[in-house]
Amino acid sequence: MNTSSIALVVAVAAGITWGLRALPFAALAPLRENALLAQLRYTMPVGIMIVLVLYTVSGVDLDRVTAITYGVGIAVTAGLQLWKRHLSVSILVGTGVHVALTAWLG
């Protein structure tokens, strides 16, 4: 292969890479004003938390201690989410409270 064909292959690969990276931004630009997506952006964190809670609690045999640890962890997570509106912090702190209570209560 000579230098010009290598340069052509690199240029084509760079063009394809740039195009594939720019395509999602170009496709999403018209959707930024969509009312449905604006509503989903607002309600999705709460929906995700509800699904996670239901999935987590559905497979657990709730005795007294487990019910207390799960209940307090869920309450802390929900309270922090309502107060601070920061999903990562809410889940992290709620999980930490649950783990600490489980270790403490046995």
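Along the sequence shown, residues are numbered consecutively beginning with 1. Side chains are part of it too, since the values below use all heavy atoms of this structure and drop only hydrogens, waters and symmetry mates. These numbers were taken from a predicted model, which means no experiment stands behind them.
- As a member of the Ile/Leu/Val/Met/Phe/Trp/Tyr network built from side-chain separations under 4.5 Å, L28 groups with L31, L36, L37, L40.
- From T66, atom OG1 reaches atom NE2 of H98 across 8.0 Å, with rounding to the nearest 0.5 Å.
- With a 4.5 Å cut-off between side-chain heavy atoms of Ile, Leu, Val, Met, Phe, Trp and Tyr, the cluster of I68 takes in V65, V72, V76, L80, W83, V89, V93, V97, L101, W104, L105.
- One hydrophobic cluster, built from ILVMFWY side chains closer than 4.5 Å, holds both V57 and V60.
- Side-chain heavy atoms closer than 4.5 Å link hydrophobic residues (I, L, V, M, F, W, Y) into clusters, and following such links, possibly through other members, connects I16 to L8.
- Here H86 contributes atom NE2 and I91 contributes atom CD1; the two are 11.0 Å apart, rounded to the nearest 0.5 Å.
- Note that CD1 of I74 is 9.0 Å distant from OG1 of T69, once rounded to the nearest 0.5 Å.
- Following chains of ILVMFWY side-chain contacts shorter than 4.5 Å, one cannot reach L87 starting from L92, and the two form parts of different hydrophobic clusters.
- To the nearest 0.5 Å, atoms CZ (R32) and CZ (F25) are separated by 8.0 Å.
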